[in-house]
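Reading through the structure tokens given below for one structure.
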2 protein chains.
Amino acid sequence: MAEYPPFAVTVDLVVLTVRADELNVLLVRRGIEPYRGRWALPGGFVQIDEDLPAAAVRELTEETGLAEPAGHLEQLGTYGRPDRDPRGRVVTVAWLALLPDLGSPVAGTDAASADWLPVARLTPGQLAFDHDRILADGVERARAKLEYTPLAAAFCPPEFTVAQLRAVYETVWGTRLDPRNFHRKVTGTPGFVEPVGRATEGERGRPAQLFRRGTATLLHPPMLRPS
Amino acid sequence: MAEYPPFAVTVDLVVLTVRADELNVLLVRRGIEPYRGRWALPGGFVQIDEDLPAAAVRELTEETGLAEPAGHLEQLGTYGRPDRDPRGRVVTVAWLALLPDLGSPVAGTDAASADWLPVARLTPGQLAFDHDRILADGVERARAKLEYTPLAAAFCPPEFTVAQLRAVYETVWGTRLDPRNFHRKVTGTPGFVEPVGRATEGERGRPAQLFRRGTATLLHPPMLRPS
DNA sequence: TTCTTTTTCGTCGTCACGACGATAAACGCT
DNA sequence: AGCGTTTATCGTCGTGACGACGAAAAAGAA
């Protein structure tokens, strides 16, 4: 194997959540060169005996203090342009994580400061390396997956109302959805959500039924994005 | 960078085509250890100054003698279990290619012999490394993409009939589709196919209109797979 | 010619969706 | 207590796409 070109392999995470009616991404401020002081996706080097999903989960827990099962984690893609890291040849495997809102400062165990930033407020070229493109790909993947999977519930706490789920769609897609048609679609699709039996209390308006995530993995037919 | 664990990075290709009413995959017989004599996906090491898509295109042309534009090439996923290659730590970026039927023996410039094999005839554990799983993921990706993209045309020659396109769906999905409803769907979806103006000659039955691939990149609404 | 094969055009019932109207069930205020 | 506000939930209606077919058109084969 020694005759083959040596690469460094990293994992980078696009961690998305919905906070205050905005789609937010978890970013860390880099403490070292290159791109010192710039925002970047959380990530790090894969260890020599570590599986790729394990490396992604490790970085996620290091940065958020949260184990995966609460949300969703999937491989997004691999980026390896020869000039993407000035330190040398680094190939990064990017992962997409969708999490419920976990309160504010992530208090990472890591050195660098981490924080949630609204995706819409980021300007192109603001992130280190090629993280602008990775983030854009992650957001696009998330938008597409809301259409044909029940993954919007990954942005919600374990028990949620139809209105909360609708707010996720409206925030991620940047559109408005009719509450009545959305309610019909969600409750009428087998396996999308399962009723808990209880309702909310102390909120404004009529109490809403609580639901859990269903067992379906695909939406047939899909949730349609307004033209 | 020297303090970080060194990896070898490869690209592997899942090259699919439709031949004789069967979904076929391009495989090479390994000439060296490990897995000598076993079938494997074509692939090879990424060079030190080479971009990942460039490495995939290079391997594809080396194995098939064909430039990409005739078909479709996209990144499938990255596989990096620590024990997936007995020679050491190798991470592979897998790519999915959909090509029209290019006649039989691929006559690769490479040493090992390459050939098309029907996917349905392969038994689990028959391929080297973790290529069984990579192939399964590629086939599943192709099946899913036929639903919501016009990519079925990538399996067809530049000019094709509606019936040829339908045969692609039927072969990849393993189902039968109603010729009349399929015709209505394909010709009625803007941008799916564009009429050439000419028709087939010398075939059995009524001559069929010829079409080219349209400009659409997504199918709205999607082509529905029979339950 | 007549039959067979294949393509292409229609028809009809059903179902899902978008656009609403209407009702139900809580709270806050006077 | 009564009333307005807010939000959730249930219906209705028209439209458009789809599945299941029937039927005509256009070629080669017998």
Side-chain angles (χ1 to χ4, degrees), chain A residues 21 146-148 150 152 156 159-171 173 175-212 216 218-227, chain B residues 21 146-148 150 152 156 159-171 173 175-212 216 218-227:
Chain A
D21 291 331
L146 290 207
E147 291 192 45
Y148 58 94
C156 296
E159 297 187 350
F160 53 88
T161 68
V162 176
Q164 286 178 56
L165 193 65
R166 177 165 48 86
V168 168
Y169 276 94
E170 293 181 334
T171 301
W173 282 353
T175 62
R176 314 240 59 175
L177 298 174
D178 185 275
R180 298 156 291 191
N181 293 335
F182 183 85
H183 187 277
R184 176 180 59 189
K185 174 72 178 175
V186 169
T187 58
T189 301
F192 196 168
V193 295
E194 287 176 3
V196 169
R198 289 177 294 107
T200 55
E201 299 174 13
E203 306 279 326
R204 273 190 313 193
R206 172 176 171 178
Q209 289 300 118
L210 286 169
F211 294 87
R212 277 198 213 90
L218 243 41
L219 257 34
H220 270 318
M223 178 82 60
L224 294 181
R225 204 184 328 199
S227 73
Chain B
D21 290 332
L146 291 206
E147 291 192 44
Y148 58 95
C156 295
E159 298 187 351
F160 53 89
T161 68
V162 176
Q164 285 178 57
L165 193 65
R166 178 165 48 86
V168 168
Y169 276 94
E170 293 182 335
T171 301
W173 282 352
T175 61
R176 313 240 58 170
L177 299 174
D178 185 274
R180 299 156 289 190
N181 294 334
F182 184 84
H183 187 276
R184 175 179 62 188
K185 172 72 178 174
V186 169
T187 58
T189 301
F192 196 167
V193 296
E194 288 176 2
V196 169
R198 289 178 293 106
T200 56
E201 299 174 15
E203 307 279 327
R204 271 188 316 191
R206 174 175 170 178
Q209 288 299 117
L210 286 168
F211 294 87
R212 276 197 214 92
L218 244 42
L219 257 33
H220 269 318
M223 179 83 60
L224 294 181
R225 205 182 328 196
S227 74

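In the text below, chain A, chain B and the rest are named by the order of the sequence lines, each starting its count at 1. Owing to the predicted nature of the structure, the values given are computational and were not obtained by experimental measurement.
Side-chain to base pairing of Arg180(A) with dG21(C): one donor and one acceptor N or O lie within less than 3.5 Å of each other. For a distance-only test at 3.5 Å, the side chain of Arg204(A) fails to qualify as a donor-acceptor partner of the base of dT6(D). Side-chain atoms of Arg184(B) come within donor-acceptor range of the base of dG19(D), with a qualifying N/O pair under 3.5 Å.
A straight line from OH of Tyr148(A) to C1' of dA16(C) spans 21 Å, rounded to a whole angstrom. Separating the CZ atom of Arg166(B) from the P atom of dT5(C) is a distance of 15 Å, rounded to the nearest angstrom. In this structure, Leu210(B) places its CG atom 13 Å from C1' of dT7(C), rounding to the nearest Å. If you take CZ of Phe211(A) and C1' of dT9(D), they are 10 Å apart, rounded to a whole angstrom. Taking atom CD of residue Glu201(B) and atom C1' of nucleotide dT7(C), one finds them 16 Å apart after rounding to whole Å. As a whole-Å value, the separation of Leu177(B) CG from dC18(D) P is 13 Å. One atom, CG of Leu224(B), and another, P of dA20(D), lie 12 Å apart when rounded to the nearest Å. In this structure, Phe160(B) atom CZ and dT7(C) atom P are separated by 14 Å, rounded to whole Å.
Listed nucleotides: dC20(C), dA8(D), dT6(C). Nearest to the side chain of Arg206(A): dA8(D). Out of dT8(C), dT7(D), dC21(D), the shortest distance to the side chain of His183(B) is found at dT8(C). Among dA17(D), dT7(C), dG18(C), the nucleotide with an atom closest to any side-chain atom of Asn181(A) is dG18(C).
Contact annotation for Gln209(A): backbone-only contact, meaning every heavy-atom pair under 4.0 Å involves sugar-phosphate atoms and none involves a base. Heavy atoms of Pro226(B) sit nowhere under 4.0 angstrom from any nucleic acid atom. Residue-level contact check: Ala199(A) touches neither bases nor backbone, having no heavy atom under 4.0 Å from any strand.
For Pro221(A) and Thr161(B), each mapped to the nucleotide of DNA chain C holding its nearest heavy atom, the one lying further toward the 5' end belongs to Thr161(B). Residues Gly202(A) and Asp178(A) both approach DNA chain C. Their nearest nucleotides, taken by heavy-atom distance, put Asp178(A) toward the 5′ side.
The main-chain N or O of Leu146(B) is found under 3.5 Å from a side-chain atom of Tyr169(B) such that the two form a donor-acceptor pair.
Side-chain atoms of Lys185(A) and Pro221(A), non-hydrogen and from C-beta on, do get closer than 4.5 Å to each other. At a threshold of 4.5 Å between non-hydrogen side-chain atoms, the residues Arg198(A) and Pro207(A) do not count as touching. Within the 4.5 Å cutoff, the side chain of Phe192(A) has heavy atoms near those of the Met223(A) side chain.
Taking 4.0 angstrom as the limit, Lys185(B) places a side-chain polar atom (N or O) nearer than this to OP1 or OP2 of dC18(D).
Only one option out of Val168(B), Val193(B), Thr200(B) pairs with Phe160(B) in a side chain to side chain contact (heavy atoms under 4.5 Å, CB included); it is Val193(B).
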